[in-house]
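Structure record follows, encoded as structure tokens.
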Amino acid sequence: MVENDNITRSMELEKPSKPTLLVVDDIPENIDVLVASLRDEYSIKVALNGARALTIAQKSPRPDLILLDVMMPEMDGYEVCRRLKADPVTANIPVIFVTAKHDISDEERGFSLGAADYIIKPISPPLVRARIRNQIALYDQNRQLMEKVRERTKALQESQLRIIHHLGRAVEYRDNETGAHVVRMSYISKYIAERCVDDKEWIERLFHAAPMHDLGKIGIADKILLKPGKLDSEEWEQMKRHTQFGAEILSVDGDPLLEMARTIALTHHERWDGKGYPAGLKGEEIPLEGRIVALADVIDALLSNRPYKRAWNIEQTFEYVKGQAGRHFDPTLTDIAYDLIIKISELRNQYPDE
């Protein structure tokens, strides 16, 4: 007779390649019957109550299938099934109810909670084995399909990100800047964000959205964009419109990455003191992603050669940046960037101008 859920652990170690079943029943004799019928084909874990079943199901390696009694004290099988399906860790594990309850309404309730099958006691061992084999085969098939979907989704996302980065680099080349600039300023943006934001997904989104900050320059006439000398007032007003052009190109799409890219394109020339453009936003009115990219963009631009200037060294760059804290830049972000001098310097070696 099975007395507790440790009694069959030795069976689990014999053939680890076997699929694992979790048998849940508050009556040890019922567990014995199932174990005797299934031990040759499966590694078996057992639980005498619902709470223990939930604990076992969450531990790795998780069971490939759960045989679950309905009528148990404290937590019945229906509640166990509901909790299993509500937990992302265990939601996909197939559950077969094994119970003496045989009304149609009982079966309907079980299926509505996400059960894969419903077996009536007293059990027929050949029937139980056949049902289990079918459900495990379906479970394995679904896992393989989900893995393929994950792989294809990852490949698609990586392809989209490559397109985004190439698009950002194309804009920089047109603006007489190097493609390496967008790579470096994206990393600087990421480094700063990591010091002030806890959301890893947000940080990663910022990293991939930053290269599109100047996308709107596509809409600026070559005679202005490529002019070697200083722009006159009319030309400067036209140049400033690249922020709005970028926002229009990246207009509301529903995709979080493009939404952030739109915000960055529109706000990366706003200033902390409110003297920026296009909207004259001030302080924290400027979205955080816009404030971060504004700082990262200027830092790398100052460190780079341009047709109109030679590259500044790191000391000159950060002397200027600190002097602009509270004026052009968010002072908190400026302090963070100052602490990142070494990492920012190393980027010049990792991603040099061509």
Side-chain angles (χ1 to χ4, degrees), residues 168 171-172 175 177 181-182 185-186 188-197 199 202-203 205-207 209-220 224-225 227 230-252 258-304 306 308-309 312 316-340 344:
V171 174
E172 297 298 335
D175 193 25
E177 295 181 2
H181 168 67
V182 295
M185 61 82 63
S186 296
I188 295 170
S189 298
K190 183 178 182 180
Y191 295 159
I192 295 170
E194 286 172 340
R195 298 290 186 96
C196 60
V197 178
D199 187 337
W202 191 94
I203 294 169
R205 197 153 58 240
L206 174 71
F207 175 67
M212 292 184 280
H213 66 291
D214 273 340
L215 185 59
K217 287 183 177 179
I218 290 173
I220 303 299
I224 296 174
L225 189 66
K227 184 176 179 178
K230 186 177 179 180
L231 300 180
D232 62 33
S233 59
E234 184 177 343
E235 291 169 335
W236 179 240
E237 288 304 314
Q238 286 296 312
M239 176 65 84
K240 291 196 293 185
R241 293 187 65 193
H242 81 274
T243 56
Q244 294 162 306
F245 291 157
E248 289 171 10
I249 293 170
L250 298 163
S251 59
V252 179
L258 294 180
E259 291 278 6
M260 180 178 282
R262 179 184 183 277
T263 299
I264 289 170
L266 187 62
T267 65
H268 73 287
H269 282 293
E270 300 287 358
R271 291 172 49 114
W272 186 259
D273 60 11
K275 296 180 180 179
Y277 63 89
L281 301 179
K282 185 176 182 179
E284 293 186 0
E285 293 175 352
I286 308 167
L288 178 60
E289 54 265 45
R291 283 179 271 150
I292 291 174
V293 170
L295 177 57
D297 188 30
V298 170
I299 288 173
D300 191 71
L302 292 175
L303 290 168
S304 304
R306 291 289 185 268
Y308 52 84
K309 61 171 279 293
W312 292 12
Q316 291 171 314
T317 297
F318 275 90
E319 182 179 352
Y320 172 82
V321 166
K322 289 186 72 175
Q324 290 295 315
R327 298 168 64 189
H328 192 158
F329 306 120
D330 179 338
T332 300
L333 299 182
T334 304
D335 289 340
I336 291 172
Y338 190 78
D339 289 339
L340 293 166
I344 292 172

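One is the number of the first residue; the rest follow in order along the sequence. Please read these numbers as outputs of a predicted model, since none were measured by experiment.
- Residue pairs meeting the salt bridge (charged side-chain N to carboxylate O under 4.0 Å, His left out) criterion with at least one member in residues 270-281, sequence neighbours excluded, are Arg271-Asp273.
- Here Lys322 pairs with nothing under the salt bridge (Lys or Arg N to Asp or Glu O under 4.0 Å) rule; sequence neighbours left out.
- The side-chain contact (heavy atoms from CB on, under 4.5 Å) check on Asp232 picks up Glu234, Glu235, with sequence neighbours excluded.
- The heavy-atom pair separating Ile224 from Gln238 by the smallest distance is CD1-CB, 3.6 Å.
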Open item on the list: Using the rule given for ring pair (Phe, Tyr, Trp, His ring centres under 6.0 Å), can you reason through His213 versus His269, listing the C-alpha separation, both sets of side-chain angles and the distance that settles it, and then say yes or no?
Closed with: CA-CA 10 Å; His213 66 291; His269 282 293; 8.1 Å; no
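- Every residue was checked against the ring-ring contact (aromatic ring centres under 6.0 Å, His included) condition with His328, not counting sequence neighbours, and none meets it.
- In plain terms, the two heavy atoms of Leu206 and Ala193 that are nearest each other are CD2-CB, 3.5 Å.
- Annotation for Phe207 and Ser186: closest pair CD1-O, 3.4 Å, computed over non-hydrogen atoms.
- Residues forming a side-chain contact (heavy atoms from CB on, under 4.5 Å) with Ala261 (at least two apart in sequence, or on another chain): Ala209, Met212, Leu250.
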Task: side-chain contact (heavy atoms from CB on, under 4.5 Å) assessment of His268 paired with Asp214 - done: CA-CA 9 Å; His268 73 287; Asp214 273 340; 2.9 Å; yes
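- Under the side-chain contact (heavy atoms from CB on, under 4.5 Å) criterion, Asp335 pairs with no residue, sequence neighbours left out.
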Side chains of residues 276-292: which donor-acceptor partners sit under 3.5 Å, not counting sequence neighbours?
| residue | atom | partner | partner atom | Å |
| --- | --- | --- | --- | --- |
| Glu285 | OE1 | Lys282 | N | 2.9 |
| Arg291 | NE | Ile286 | O | 2.8 |
| Arg291 | NH1 | Asp330 | OD2 | 2.7 |
| Arg291 | NH2 | Ile286 | O | 3.3 |

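- The number of heavy atoms from other shown groups lying within 6.0 Å of CD (Gln316) is above 12.
- Checked against side-chain contact (heavy atoms from CB on, under 4.5 Å), Thr317 has the following partners two or more places apart in sequence or in another chain: Ile299, Leu302, Leu303, Trp312, Val321.
- Note on Glu237 versus Lys240: salt bridge recorded, some NZ/NE/NH1/NH2 to OD/OE distance being below 4.0 Å.
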